[in-house]
Amino acid sequence: MFTNKIAPSILAADYANFEKELKRIEETDAEYVHIDIMDGQFVPNITFGADVVASMRKHSKLVFDCHLMVVNPERYVEAFAQAGADIMTIHTESTPHIHGAIQKIKAAGMKAGVVINPGTPVSALEPLLSLVDQVLIMTVNPGFGGQAFIPECLDKVRVLKKLREKNHYNFDIEVDGGVDNKTISACQNAGANVFVAGSYLFKATDLVRRVESLRIALHD
Ligand code: DX5
Ligand code: ZN
């Protein structure tokens, strides 16, 4: 039921050529494209906004898994829906109105995701778990690619999986940060089924084989 999905993170790709990079991702058997939106406030780094996502949409049919690292993301729900985002995932730490923001994402016709930083406990998610389609557990502090995986974050994945079983919730569990062919199986064993990978995939020239190597590291 919670099938495995690989989500190459475009953060690690060549920003001067999204069309080409999206085609490269389409050639792999990855299900998602993970798109990191950063505003220079919630995290120090800046990427791009909904207009760029709308342009990307013309070049890919893959699921657009948008991870917003911005202050008050509820301001951008309509813009991302119109841009063609499939999943909009927002941080509990980024707004005092997280519940309303999740409702807004769903009302706009997108799948709603919620995400917590390494320093935030699972309890911050609990009021939202019956509403969301995806929960993202950060396995690095957000803002940059290429950081070292924080294994302690997997304890939260284990807790979430138990909560999901106990209450018959329906969300996918995603992990993001430092995921490669070595760390991915620990993520799966803890209970994750959506795996974001940036630098591990894009630092290689053969993206198809890199995605395959993640798939091989996963068991059924
Ligand atoms: C970090 C981003 C990630 C990033 C992961 O804030 O949310 O999606 O691209 O990059 P790697 O896989 O290199 O850790
Ligand atoms: Zn991300």
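Just so you know, these numbers use all the heavy atoms, side chains as well, and skip hydrogens, waters and symmetry mates. In listed order, ligands and their atoms are each counted from 1.
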May I ask you to list the atoms of ligand 1 that are less than 4.0 angstrom from any heavy atom of [X]?
X	value
M69	6 (O), 7 (O)
H34	8 (O)
A197	12 (O)
P142	6 (O)
G177	14 (O)
H67	7 (O)

Considering only non-hydrogen protein atoms, determine which one is nearest to [atom] and report residue, atom name and distance to 0.1 Å.
atom	value
atom 6 (O) of ligand 1	G143 N, 2.7 Å
atom 14 (O) of ligand 1	G178 N, 2.8 Å
atom 12 (O) of ligand 1	G198 N, 2.8 Å
atom 1 (C) of ligand 1	F144 O, 3.5 Å
atom 9 (O) of ligand 1	S9 OG, 2.7 Å
atom 13 (O) of ligand 1	S199 OG, 2.5 Å
atom 10 (O) of ligand 1	G145 CA, 3.5 Å
atom 4 (C) of ligand 1	L11 CD2, 3.7 Å

Could you tell me whether the side chains of D176 and S9 share a donor-acceptor contact shorter than 3.5 Å? no

Can you confirm whether the side chains of H34 and D36 place a donor and an acceptor under 3.5 Å from each other? yes

What distance separates M69 CE from D39 CG, expressed to the nearest 0.5 Å? 9.5 Å

Roughly how far apart are F80 CZ and I35 CD1, rounded to 0.5 Å?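 Here the interatomic distance stands at 8.5 Å.
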
Testing N170, D65, D172 one by one against Q134 for a side-chain hydrogen bond (donor to acceptor under 3.5 Å, both in side chains), which residue passes?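 In the set N170, D65, D172, the residue that makes a side-chain hydrogen bond (donor to acceptor under 3.5 Å, both in side chains) with Q134 is D65.
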
Polar side-chain atom of [X] near backbone of [Y] as donor-acceptor pair, under 3.5 Å:
X	Y	value
R75	N72	yes
N117	N141	no
R210	Y200	yes

Does the distance from a Lys or Arg side-chain N to an Asp or Glu carboxylate O, for K23 and E27, drop under 4.0 Å? no

Closest approach of P151 to F149 (non-hydrogen atoms, all atoms of both residues): CD-O, 3.2 Å

Tell me which one of D176, T183, N117 gets a heavy atom nearest to atom 5 (C) of ligand 1. D176

Would you call the rings of Y15 and F18 parallel, tilted or perpendicular, where under 30° means parallel and over 60° means perpendicular? tilted

H91 vs F42 aromatic rings, parallel, tilted or perpendicular, using cut-offs 30° and 60°? tilted

Using salt bridge (Lys or Arg N to Asp or Glu O under 4.0 Å) as the criterion, point out the one residue from R57, K111, K5 that pairs with D86.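 With D86 as partner, salt bridge (Lys or Arg N to Asp or Glu O under 4.0 Å) holds for just one option, R57.
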
Look only at interatomic distance and state if Q147 has a nitrogen or oxygen under 3.5 Å from any nitrogen or oxygen of ligand 1. no

Can an N or O of G146 be found at a distance shorter than 3.5 Å from an N or O of ligand 1? yes

Do I116 and M138 touch side chain to side chain, with heavy atoms closer than 4.5 Å?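 No, their side chains stay 4.5 Å or more apart.
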
List-wise, which protein N, O or S atoms are found short of 2.8 Å from the Zn ion (ligand 2)?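 Result, waters dropped: H34 NE2, D36 OD1, H67 ND1, D176 OD2.
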
